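Following: one structure in structure tokens, then a few remarks.
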Amino acid sequence: MPAPNRSSDAAPYRAWFECYNRCGARYSLKEIVYTCENCGSLLEVVHDREPLAKSSAPRWMRLFEDRYQRTQWPYGSGVWGKKEWVCPVVDDENIVSMFEGGSNLFWAERYGKEIGVADLWVKQCGNSHTGSFKDLGMTVLVSVVKQIISEGTDIHAVACASTGDTSAALAAYCAAAGIPSIVFLPRGKVSTAQLVQPIANGAIVASLDTDFDGCMRVVKEVTRDRTIYLANSMNSLRVEGQKTVGIEMVQQFDWEVPDTVIIPGGNLGNVTALGKGFLMMKDLGLIDRLPRIVVAQAERANPLYLSFQNGFRSFEPIVARKTLASAIQIGNPVSIRKAIDVLQKFDGIVEVATEEELSNAAARADRTGMYNCPHTGVALGVLEKLVATGVIESDERVVVVSTAHGLKFTEFKVRYHEGVLEDVATRYRNVPLELPADPAVVRDALRREIDRRREGERR
Ligand SMILES: *Cc1c(COP(=O)(O)O)cnc(C)c1O
Ligand SMILES: [Zn+2]
């Protein structure tokens with residue numbers, strides 16, 4: 001049985017870790033445990049359904065709407081506004097929040113028309129404190145750590161391996177809480193912005209001569225010492241925060257369920273979370289159907305896609321090859337089992353995008369007002385493919401989950417527009433006009449450029 005909650009917890013709501021292999025093991029959310037001590041399986045957070053089901057669906061919806069983006073601590077956060085569903089065991093004073101969630105659901109009107117789906121939306125999870133969706137999960141994990149410390153457990157630091165965005169989020173939330181952080185990054189495989197974020201936030205930054213999967217092996221060893229708490233998505237607390245992305249997008253559609261949701265996948269924590277949020281809404285009666293979920297992978301880091309092709313009968317880890325979508329350059333995803341279970345419940349599809357497809361899709365959508373990171377480019381490339389082949393029909397409501405802010409990936413954008421990305425024939429380059437400061441020359445050049453573009457539109 002889970003440890004009983006203290007009176008200060010958000011009684012009557014209760015949640016605990018449970019073995020995902022269903023061996024029966026349970027642990028308190030405040031225990032320092034990441035995998036099942038009986039059988040080694042992943043854990044998942046399970047919520048006591050009974051108190052949650054005591055409120056009707058309309059009551060939950062009204063509560064979530066009343067709190068959304070407002071001022072009452074900590075409920076204005078898109079994550080903590082759903083605290084009872086996410087993590088009831090943290091006292092409000094231990095919550096470390098930066099008003100995460102509440103990100104724009106962008107109506108991609110022009111881009112959607114161009115590619116042939118008019119009801120297209122992009123959930124801008126990168127419009128967040130550290131510029132990626134990782135904030136949604138990290139607020140929960142760091143808050144639980146603060147709670148554990150406040151109850152007297154000795155934790156010296158929180159550590160993660162990262163493809164860049166997890167470490168940025170961990171470093172910022174720990175810095176806000178005054179808890180030391182340690183991040184392991186694969187040397188030369190993260191963007192400048194992603195490297196400098198944890199440096200600026202004062203994290204201990206270890207740059208290792210390996211890839212993400214190699215960093216993961218090191219952090220698992222280092223965190224055997226329980227005074228260093230593990231923050232990777234193997235720690236299923238993060239999934240609880242991230243699952244609000246699906247709930248929030250449905251709320252933003254006034255509780256209507258989209259037909260298809262496309263999400264880029266690497267370690268596969270985010271698709272697990274997306275699915276979990278939808279299943280919880282369905283279970284508690286807020287929605288009556290599920291969307292189809294599409295996981296978009298880089299063709300060079302496609303282990304889930306390979307498994308999908310054999311009907312998920314088997315899964316083999318691979319060595320991921322270098323891709324512009326560096327945050328999903330992962331060959332041995334931690335959450336593989338959970339992700340496959342989600343895809344099987346959501347009529348799921350896995351599709352890939354090449355370097356050229358992801359780059360051109362990102363740039364094409366940028367031309368309609370977005371500013372896409374390469375991972376969002378993978379999802380858009382997959383979208384274009386599935387629309388072209390009729391798998392996604394033109395009248396569907398489609399949501400693409402954008403995972404990070406494009407401003408973290410300036411090198412990618414600069415090199416695209418310079419036309420120097422390897423293996424990419426650029427279709428949407430835009431180069432600055434280099435001109436003397438002479439009004440007559442400038443006027444002529446502008447005229448030519450405007451005419452050229454108008455001509456291009458007519459064709
Ligand atoms: C972490 C990350 C992903 C992949 O999410 P997973 O949970 O590892 O599948 C995708 N895009 C960006 C920008 C990320 O930071
Ligand atoms: Zn077990």
Side-chain angles (χ1 to χ4, degrees), residues 17-27 33-44 123-128 130-138 160-170 185 189-191 193-194 197 212-213 216 231-236 238-239 241-243 245 262-276 293 295-298 301-304 320 323-339 342-343 350 353 358 362 372-380 382 400-409 412:
F17 289 125
E18 202 164 299
C19 171
Y20 195 67
N21 203 27
R22 309 280 173 247
C23 82
R26 285 184 175 190
Y27 308 91
V33 56
Y34 318 110
T35 52
C36 178
E37 289 175 350
N38 287 345
C39 72
S41 156
L42 284 181
L43 301 175
E44 83 171 328
K123 179 68 174 152
Q124 298 284 4
C125 297
N127 293 354
S128 183
T130 72
S132 86
F133 76 83
K134 299 296 199 296
D135 292 351
L136 300 175
M138 209 52 85
C160 74
S162 175
T163 53
D165 291 327
T166 301
S167 48
L170 177 66
L185 295 168
K189 295 188 177 72
V190 305
S191 77
Q194 289 171 321
Q197 284 182 287
F212 170 79
D213 297 294
M216 195 64 223
N232 276 95
S233 61
M234 194 176 148
N235 183 327
S236 50
R238 279 177 46 203
V239 165
Q242 286 173 206
K243 85 185 177 196
V245 66
I262 306 181
I263 188 166
N267 229 352
L268 306 177
N270 212 19
V271 63
T272 299
L274 179 73
K276 201 169 179 207
I293 291 181
V295 173
Q297 291 210 294
N302 64 348
L304 181 68
T323 166
L324 292 162
S326 48
I328 55 177
Q329 188 179 322
I330 294 175
N332 189 12
V334 164
S335 296
I336 182 70
R337 190 65 252 161
K338 292 178 175 177
V342 163
L343 287 171
V350 187
L358 76 88
N372 293 297
C373 77
H375 323 88
T376 306
V378 171
L380 296 172
V382 161
V400 171
V401 177
S402 171
T403 46
H405 202 294
L407 284 170
K408 286 202 190 202
F409 299 89
F412 163 68

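Keep in mind that this is a model prediction, so the values were computed, not measured. Order of appearance sets the numbers: ligands from 1, and atoms from 1 within every ligand.
- Looking at Cys39 and Cys19, their side chains come closer than 4.5 Å, going by heavy atoms from C-beta outward.
- A 4.5 Å side-chain heavy-atom check between Asn270 and Phe133 finds at least one atom pair inside the cut-off.
- No side-chain heavy atom of Lys189 sits less than 4.5 Å from a side-chain heavy atom of Thr163.
- Of all non-hydrogen atoms in Thr323 and Gln329, the two that sit nearest each other are N-OE1, 3.3 Å.
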Starting from the N and O atoms of ligand 1, find every protein N or O within less than 3.5 Å and list the pair with its distance.
unit_1, atom_1, unit_2, atom_2, d
ligand 1, 7 (O), Gly269, N, 3.1
ligand 1, 7 (O), Asn270, N, 2.8
ligand 1, 8 (O), Asn267, N, 2.8
ligand 1, 9 (O), Gly266, N, 2.8
ligand 1, 9 (O), Asn267, N, 3.3
ligand 1, 9 (O), Leu268, N, 2.8
ligand 1, 11 (N), Thr403, OG1, 2.8
ligand 1, 15 (O), Lys134, NZ, 2.7
ligand 1, 15 (O), Asp165, OD2, 2.6

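- The line from CZ of Arg238 to SG of Cys160 is 7.5 Å long, rounded to the nearest 0.5 Å.
- To the nearest 0.5 Å, atoms NZ (Lys276) and OG (Ser236) are separated by 7.0 Å.
- Within the protein, the number of N/O/S atoms found under 2.8 Å from the Zn ion (ligand 2) is 4.
- Exactly one residue among Ile293, Leu304, Val382, Asn302 makes a side-chain contact (heavy atoms from CB on, under 4.5 Å) with Val350. That residue is Leu304.
- Atoms OG and CE, on Ser128 and Met138 in that order, are 11.5 Å from each other to the nearest 0.5 Å.
- For the pairing with Val334, the side-chain contact (heavy atoms from CB on, under 4.5 Å) check across Leu268, Asn232, Leu42 returns one residue only, Leu42.
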